[in-house]
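Residue numbering restarts at 1 for every chain, and letters A, B, ... go by the order of the sequence lines.
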Amino acid sequence: MENVFKQLFYWMPFLFGIGFIAPLIAQTMNLWHWQAPFGLSNIGFGLIIGGAWGLQTVIRGRWV
Amino acid sequence: MLEDPKLDHGAIKAPVEPALYEPALDTGGTPALPLGRSDGLDRHTRRDLRKEEIEIARQFHGGRMWPYAVAAFGCFALWVSFFPLAIMGYLNLPLACLISCVIATGGYVTSHEAMHSNIARKGEKLRWLNEAVGAVSTIPIVFPFSMARIMHLEHHYHCNDPLKDPDYTDEAPNWWMAIYKTWYNRQPGVDGSIHHYKRILLEMGTPEAKRALKETMLLQLFFMAVLFTMSWNGYAIEAALLWWLPRHVGLSYIRFYLSWAPHHPREGKTGRYENTNLFKSKLGHVMSMGMQYHIIHHMYPGIPNHRTKHAYYAMRHILEARGVDVSPLPAVKGN
């Protein structure tokens, strides 16, 4: 059980990226009437940015 | 090296080893045992000053503590009410965000009183209130009371000790680096802030420490669950402005004003009268949450936050005599 939680917190930045940053990006774009590039939906765009950002944070240990 | 002129140098074959103690070489430099900074007072004067200090401090202990409880529960209820109101669209979000930042930051002050059992001590009738105030106050910054109390008391026991003071990681050479560090220390791969606390608790291994770790984990998971659920149901902006952003603003403000400002520079300053600074805050007494007089809190944690200012002016002459730099906060006429 302890290992499960350790893994969960290890991957938390990635989960945060797709669980919070992605919809936040999409909803902010919707609010300001912005369109995602390359024909992507706003949530698809948010998932790419949020997921990639979270993943690099897991690897580097820093958000920026 | 000192040499005896009567000795025949040619007759000495064995290498000369330095004596363990050479009185002639003793220039009165650094002592073998650190004796601490001298305040130039003899022990009788120090004892008399301490007696007077205790006598003054006694007058400022206790007092009305119910406003802390009212503030803690009132602010918490207000903050919780923002969530359904925001979802129903009855809320001015920027204003609610600002108020949430104030609640997240100010919550530490009420929790801090509970950490020192200033609302009610163990065995007293209102002990439950002390614990409840502590528990609700730091939920907005996702910092459980059990962890906050253990870490804060460790900070008091080992103030400015680079290895034992849990808040030592907040040290920075100047104010803008200190603000940057409040953010940097929260990065997932950095051993600062709450990550540092978790490691210390793990090393402590006591039942209280284990409980604090468990509660931290649960509160962090709850925070994430709320953010994710709200976000994927169309309320990501509301979640960001009511909890995520206020938490970060609150944590940075607290780290800066309650940890860096009153203890900088930390290096080597572990004595009772030197581990905390007096400083003049540009944001004033209320906005700095009374931290200008934090030295009084470190000397007498039982004096509530709102009385440290008055206690300082009452014992300012003692602090001055003990070598504290009191120039940033001059005496007020009549004191």
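- Qualifying side-chain contact (heavy atoms from CB on, under 4.5 Å) partners for A/Ile48, counting only residues two or more places apart in sequence or in other chains: A/Leu40.
- Side-chain atoms of B/Phe222 and B/Val142, non-hydrogen and from C-beta on, never get closer than 4.5 Å to each other.
- Between B/Met291 and B/Phe279, the closest side-chain pair of non-hydrogen atoms falls below 4.5 Å.
- Using a 4.5 Å cut-off between heavy atoms, A/Val58 makes no contact with chain B at all.
- Residue B/Met224 touches chain A through its side chain alone, counting heavy-atom pairs closer than 4.5 Å.
- Of the inter-residue distances, the one linking B/Leu213 atom CG with B/Leu218 atom CG reads 11.0 Å to the nearest 0.5 angstrom.
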Return one line per donor-acceptor pair between chain A and chain B under 3.5 Å, naming both atoms and the distance rounded to 0.1 Å.
{"from": "A/Ile18", "atom 1": "O", "to": "B/Trp232", "atom 2": "NE1", "distance (Å)": "3.1"}
{"from": "A/Gly19", "atom 1": "O", "to": "B/Trp232", "atom 2": "NE1", "distance (Å)": "3.2"}
{"from": "A/Gln27", "atom 1": "OE1", "to": "B/Tyr235", "atom 2": "N", "distance (Å)": "3.4"}
{"from": "A/Gln27", "atom 1": "OE1", "to": "B/Ala236", "atom 2": "N", "distance (Å)": "2.7"}
{"from": "A/Gln27", "atom 1": "NE2", "to": "B/Ser231", "atom 2": "O", "distance (Å)": "2.8"}
{"from": "A/Gly61", "atom 1": "O", "to": "B/Gly189", "atom 2": "N", "distance (Å)": "2.8"}
{"from": "A/Arg62", "atom 1": "NH2", "to": "B/Tyr184", "atom 2": "OH", "distance (Å)": "3.3"}
{"from": "A/Trp63", "atom 1": "N", "to": "B/Gln187", "atom 2": "OE1", "distance (Å)": "2.6"}

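- With sequence neighbours left out, the side-chain contact (heavy atoms from CB on, under 4.5 Å) criterion links A/Ile49 to A/Ile25, A/Phe45.
- The shortest distance between side-chain heavy atoms of A/Phe20 and A/Leu15 does not fall below 4.5 Å.
- By the side-chain contact (heavy atoms from CB on, under 4.5 Å) test, B/Ala135 pairs with no residue at all, sequence neighbours left out.
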